[in-house]
Every structure is written in C-alpha cells, then in structure tokens.
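Beneath this line is the structure, given in structure tokens, with notes to follow.
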Amino acid sequence: MLDPKLVRSDPIAVAAQLARRGFTFDVARFTALENERKQVQVDTEQMQAERNSRSKLIGKMKAAGEDTAALMAEIGGLGQKLDQAKQRLGEIQSELDALFSLVPNLPAEDVPFGEDEAGNVEVRRWGTPRTFDFEIQDHVALGAALGMNFEQAVKLTGSRFVTLAGDLARLHRALAQFMLDLHSSQHGYTEMYVPYIVNDKSLFGTGQLPKFGEDLFALKGDADWYLIPTAEVPLTNLVRDELLSANDLPRRYVAHTPSFRAEAGAAGRDTRGMIRQHQFDKVELVQIVRAEDSAAALEALTGHAEAVLQALELPYRVMQLCTGDMGFSAAKTYDLEVWLPGQNTYREISSCSNCTDFQARRLQARVRDADGKPQLVHTLNGSGLAVGRTLVALLENHQQADGSVALPLALRPYFQGKAAICVPEGQQGKA
RNA sequence: GGAGGGUUGGCAGAGCGGUUGAAUGCACCGGUCUUGAAAACCGGCAAGGGUUUAUCCCCUUCCAGGGUUCGAAUCCCUGAUCCUCCGCCA
C-alpha cells in the first residue's frame with residue numbers, strides 16, 4: 001500500500017513513477033473519489049460532533065435534575081442523516097481502499113527502466129561455468145538414474161510434482177539443512193518454524209491478495225485459508241499489528257518451508273524437470289528493519305543468499321531487476337541466477353527484495369523512533385535459496401562422466417563425509 | 001467434541017449506560033539531585049484519521065461484526081481467539 005498522503009499531495013508524480021513499471025494509475029478517478037471523500041467525511045464528522053456534544057449535555061442536565069425531553073426530541077432527526085452520511089463515506093472509503101490495494105510499490109530511484117526481463121541489468125558474476133570433457137546430461141536425465149521420478153508424482157497428484165528417492169531425497173534435505181545452518185549460525189538469522197497454511201489477512205499483508213489470488217491454492221472450508229506460496233508470508237506477518245521498540249530491530253528470520261503455487265498462466269513454461277513445480281521447498285530470509293537501514297539490508301541479505309551458492313561452488317550472476325520486471329510489493333530487487341549447464345543459461349534461484357514500507361503499511365508494522373513516534377518499518381525478503389532449483393543446479397554443475405554427482409565440501413558433513421552420490425546398484429545403464 | 005471463564009494503551013491491570021480516551025503500576029522521554037550512574041522526587045507519555053502553514057479543534061478506536069439507546073468499554077446477538085476442566089488424540 002502506498003502512502004495515501006503522498007498520493008493525495010501529488011497524484012501526477014505518483015502516476016508517473018508507477019508508469020515506469022508499466023502500471024496505469026487512474027488519476028482522474030482517484031481525484032474524483034478523493035474530493036468526494038473529503039466533502040462527505042467533513043460533513044459526517046460535523047454531524048457526529050453535534051450529536052456528541054448534545055448527548056453530553058443531556059447527561060449533564062439529567063445529573064442536575066433538569067427536563068431533557070425537548071432536547072432529546074430535537075436530536076432525534078439527526079440520527080438518520082448521520083447514518084446516510086456514514087454509509088456513503090463507507091462506500092467511498094471501500095472504493096478508495098480497493099483502488100489502493102491494487103497499486104504496486106513505487107520503484108526505488110536507482111532501479112533501471114525497462115519493460116520486461118530484457119531490461120534487467122547484470123550487476124556482477126561469481127564463478128566460471130565448468131567446461132566438460134564428456135557429454136553432459138541435464139538434471140532430468142541425471143536424476144532419472146539417481147532417484148528423481150515424475151511419473152510417480154503424476155500418479156499421486158498430477159503434473160508439476162516430483163518424488164525423490166534415496167540419496168537424492170537426502171541431498172534435498174541436506175541442502176535445506178545446510179542453508180538453515182549457514183544463515184542461523186553465520187548471518188544472524190533466527191530460525192523459525194511456521195504454519196504452511198495462512199489466513200487471508202496474512203496474504204493481504206504481504207501483497208499476494210487481493211490481486212494475485214489465482215496464483216494461490218485456497219483450502220476448502222469456512223475459513224479463508226491458503227497454502228503458503230512462500231515463507232515470506234508467515235515470516236513477514238510475524239510483525240503484523242505490532243508496535244515495536246527501537247531495540248527490537250533489526251529482526252532477521254529464516255525458515256525452511258514448502259511453497260505452493262498454482263502456476264496459473266505458466267502453462268507450457270518450464271514443463272520439463274523440477275524447475276517450475278506446484279510444490280517446492282525454499283529457505284527464506286526475511287528482515288524487518290528501520291527505514292533508514294533497508295537499503296544496506298538489501299545488499300547484506302543478497303550477500304547472504306550468494307554465500308550459499310559460493311559454498312556450493314555454483315557459478316551465478318546477480319541481476320538487478322528493471323522497473324517492469326519487479327514484483328508487486330518490491331521497490332528494488334536483485335535476482336540471483338545460477339548457471340545451469342543443461343540449459344546452457346543462467347536461471348533464477350533467488351529473488352531478494354526491499355519492500356520499503358509498502359508491506360508494513362498493509363501490515364501496520366511499526367517501530368518507535370528516537371522521538372517515541374511510531375514509524376512504519378521496512379521489510380525485506382529473499383530466497384536463501386530455492387531448494388529444488390539448488391538441487392537441479394548441483395546435479396548439473398557437479399555431474400561426473402559416470403553419472404554420479406560430486407558433493408561440495410560444505411555438504412559432506414550431511415553425508416558422513418561421502419564425496420559423491422552415485423547411481424544405486426542395479427540402476428546403472430538405466431539413465 | 002462438551003462445560004465454564006477471559007479479550008481494555010508498548011506491557012501489566014482497574015473500570016455503577018452519561019465530562020472515561022479510559023484509574024493505577026511498569027516501561028519510555030524530559031527535569032531536579034549526583035563527579036557520573038543508580039535510587040528518590042517533579043513533569044510528560046495511546047493509536048489512527050480529518051482540517052490546518054502550524055497550534056488549536058474535530059472524528060474514530062477498549063478482539064471483530066451487527067443491535068438496543070439521545071448517549072455504549074459498560075446491555076443484547078453472532079463470530080474469532082485465549083485460558084481452565086472433561087473427552088479424544090500424533
């Protein structure tokens with residue numbers, strides 16, 4: 001949610017900034033609504049003031065033993081007019097709220113202009129893609145021999161799911177655990193266990209609702225419950241409706257959860273392999289900071305995600321998203337793209353965003369400043385990392401000629417020191 | 001699932017339908033005192049919104065939504081949630 005005061009004070013300038021990210025803000029409609037709101041609100045409050053003062057007077061007169069019948073009769077007619085005005089104000093307010101709830105965050109000043117992902121700007125690269133002296137396989141081919149099975153998942157559920165068996169399942173678990181261990185012990189994050197089902201308020205707070213409901217899996221039942229599309233939702237909502245004191249910040253949370261996405265509109269995209277699934281695990285980083293700290297926090301958080309890739313010896317590049325490619329709540333975003341030899345390209349494996357006060361305003365998440373005045377916090381989130389895609393990258397980058405996959409040093413403690421995962425007995429030649 | 005009891009400011013916790021936006025304590029901020037700190041004492045201190053250059057002023061808010069009333073933290077209804085006891089249970 002944008003700051004209504006800012007939008008009111010200069011709707012043209014706000015519209016211009018939103019246009020940079022391809023969003024059309026209807027200034028005329030907003031201005032008309034806003035003018036009517038002002039008028040109706042002033043009228044309504046005036047009537048309320050009158051009612052209040054007269055009712056108080058009645059109280060005083062009764063206490064003094066005077067006759068109040070005349071005054072009470074006089075006040076009677078006010079109620080109906082007031083109800084009408086309140087109803088109209090409520091309607092206008094709902095319309096304004098609906099309008100505002102669909103408006104994305106303003107891009108930060110240093111975000112490059114661009115209409116789509118083609119406008120993203122490479123910031124830096126780490127590592128060098130390996131040159132192979134044998135015919136490489138992609139993760140689907142490698143995985144088939146190691147225990148990755150899409151047919152089984154189709155039987156259990158449908159497309160865009162997977163089962164992992166044996167060392168591959170263990171690798172998946174090891175990756176998540178390694179990431180949690182790294183962030184909680186080295187980067188100052190508090191590990192959290194959170195619900196995988198959240199209510200509609202939480203999804204509104206982080207911006208998934210009302211605009212992106214079709215991307216979510218909604219549960220049947222009386223309550224408005226949804227499977228989480230990312231742990232960003234439960235983690236960020238931890239501070240919803242909280243008024244924190246200055247020494248409560250910064251807060252850094254890390255959690256490993258599955259993420260559930262309907263992938264509506266993604267038909268035909270990334271249908272091969274584990275790249276785009278309805279269910280995938282992710283280790284998520286969330287920071288709650290004071291406004292003045294958020295720019296630096298984004299750089300730090302991005303670095304924390306990068307540290308995972310470095311420890312796993314996976315080449316990547318850091319992309320700054322352009323105005324047209326950023327998510328709804330983000331003011332500034334870095335994507336980490338890992339090298340995938342099987343696709344001969346870099347693919348997104350983490351997205352790190354500074355949402356400034358956009359989510360905080362929806363969440364009513366505040367902190368007292370030095371003067372003791374409540375100020376909105378800033379929220380940041382980033383994947384550190386997407387576990388499924390990390391597994392994909394690991395298989396493809398560290399594959400060996402015989403179909404086994406070398407384990408980076410960082411993961412070996414989770415495998416009793418083993419140096420590679422190998423095709424199980426009896427599976428050789430099946431790939 | 002059954003029965004009962006709660007939900008009030010950052011926190012704890014009072015609150016007969018009428019100057020109660022709400023006592024008191026803690027926390028916090030400022031001051032006195034002190035070499036400094038602590039203690040003590042004095043003072044300040046809810047949030048959101050409207051209007052305004054600003055002060056002032058006004059409105060809303062005591063879990064949420066309805067209702068009764070000239071007037072609701074207070075009475076009624078519905079829902080959420082927490083606690084206690086019983087039942088069931090990984």
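With hydrogens and angles left out, the side-chain atoms of Gln46(A) and Glu50(A) include no donor and acceptor closer than 3.5 Å. In summary, the side chains of Lys282(A) and Thr230(A) do present a donor paired with an acceptor at a separation below 3.5 Å, with no hydrogens or angles considered. Counted by atom type alone, Asn381(A) and Ser353(A) present zero donor-acceptor pairs between their side chains at under 3.5 Å. At a cut-off of 3.5 Å, with distance as the only test, a side-chain donor of Arg240(A) or Ser202(A) sits close to an acceptor on the other residue.
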Per-nucleotide protein contact along nucleotides 54-67 of chain B, 5' to 3', at a 4.0 Å heavy-atom cut-off (B base, S sugar-phosphate only, - neither), is ----BSS-------

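Rounded to whole Å, the P atom of U61(B) lies 15 Å from the corresponding atom of A22(B). If you take atom C1' in C82(B) and the same atom in C28(B), they sit 28 Å apart, rounded to whole Å. When the C1' atom is used for both U69(B) and G50(B), the distance is 27 Å, rounded to whole Å. Atom name C1', nucleotides G10(B) and G65(B): the rounded distance is 27 Å, in whole Å. One C1' atom belongs to C62(B), the other to A47(B), and the distance between them is 12 Å to the nearest Å. Atom name P, nucleotides C45(B) and U53(B): the rounded distance is 26 Å, in whole Å. Here, C58(B) and C75(B) have their C1' atoms 29 Å apart, quoted to the whole Å. C29(B) and A46(B): their P atoms are spaced 16 Å apart (whole Å).
Note: His304(A) and Tyr189(A) meet the aromatic proximity criterion, with ring centroids under 6.0 Å apart.
The side chain of Gln41(A) lies closest to G49(B), out of U51(B), G49(B), G10(B).
A straight line from CG of Asp83(A) to P of U68(B) spans 9 Å, rounded to a whole angstrom. The distance between atom CG of Asp369(A) and atom C1' of C28(B), rounded to the nearest whole Å, is 13 Å. Atoms CD (Glu242(A)) and C1' (G9(B)) sit 14 Å apart, rounded to a whole Å. A straight line from CD of Gln93(A) to P of G48(B) spans 16 Å, rounded to a whole angstrom. Regarding Asp241(A), its CG atom lies at a distance of 13 Å from the P atom of G48(B), rounded to whole Å. Rounded to an integer number of Å, the gap from CD of Gln364(A) to P of A46(B) is 18 Å. If you measure from atom CD of Gln375(A) to atom C1' of G10(B), you get 16 Å, rounded to the nearest angstrom. Straight-line distance from the CZ atom of Arg366(A) to the P atom of G9(B): 12 Å, rounded to whole Å.
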Under 3.5 Å, which protein N or O atoms sit close to an N or O of nucleotides 16-23 of chain B? Give each pair with its distance.
from   : atom 1 : to       : atom 2 : distance (Å)
G18(B) : O6     : Lys62(A) : NZ     : 3.1
G18(B) : N2     : Ser55(A) : O      : 2.8

Return the polar atom pairs (N/O with N/O) between nucleotides 81-83 of chain B and the protein under 3.5 Å, or none.
none

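Taken from CD1 in Ile92(A) to OG1 in Thr44(A), the straight-line distance is 8.0 Å, to the nearest 0.5 Å.
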Report task. Step by step, work out the side chain to side chain contact (heavy atoms under 4.5 Å, CB included) result for Asp200(A) and Trp225(A). Result -> CA-CA 6 Å; Asp200(A) 52 344; Trp225(A) 284 2; over 6 Å; no

- Message: Test side-chain hydrogen bond (donor to acceptor under 3.5 Å, both in side chains) on Asn105(A) and Thr356(A); report intermediate values, then the result.
- Response: CA-CA 9 Å; Asn105(A) 201 356; Thr356(A) 60; 3.1 Å; yes

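Taking the centre and axis of the six-membered ring of Phe415(A), the NZ or CZ atom of Arg170(A) falls inside the cone set by 45° and 6.0 Å. Note that Arg362(A) lies in the cation-pi zone of Phe204(A), set by a 6.0 Å cut-off to the ring centre and a 45° limit from the axis.
Between Phe328(A) and Phe358(A), the ring-plane angle classifies as perpendicular under the 30° and 60° cut-offs.
Along RNA chain B, the nucleotide nearest Pro4(A) and the nucleotide nearest Pro374(A) are compared for position; the residue whose nucleotide lies closer to the 5' end is Pro374(A).
A salt bridge does not link Arg290(A) with Asp369(A): every distance from a Lys NZ or Arg NE/NH1/NH2 to an Asp or Glu carboxylate oxygen is 4.0 Å or more.
Backbone-only engagement by Lys5(A) is indicated by non-hydrogen atom pairs under 4.0 Å involving sugar-phosphate atoms exclusively. At a threshold of 4.0 angstrom between heavy atoms, the contacts of Arg8(A) are confined to the sugar-phosphate backbone, with no base atom among them.
Under the Watson-Crick and G-U wobble criteria, each requiring two contacts below 3.5 Å, nucleotide G18(B) is paired to C70(B). Shown here, C56(B) forms no base pair; nothing in the strands shown gives a Watson-Crick or G-U wobble contact with both key distances under 3.5 Å. Pairing of U51(B), defined by two Watson-Crick or G-U wobble distances under 3.5 Å, is not identified with any nucleotide. U81(B): Watson-Crick or G-U partner is G6(B), with both key distances under 3.5 Å. Across every strand in view, A23(B) sits unpaired, with no contact that passes the Watson-Crick or G-U test at under 3.5 angstrom. Look at A40(B): its Watson-Crick or wobble partner, with both distances under 3.5 angstrom, is U32(B).
In this model, the phosphate group of A46(B) is not approached by any side-chain N or O of Arg368(A) to a distance below 4.0 Å at OP1 or OP2.
His139(A) contributes a side-chain N or O that, together with a main-chain N or O of Met274(A), makes up a donor-acceptor pair within less than 3.5 Å.
Screening Val27(A), Val103(A), Leu106(A), Asp3(A) against Val14(A) for a side-chain contact (heavy atoms from CB on, under 4.5 Å) leaves a single residue, Leu106(A).
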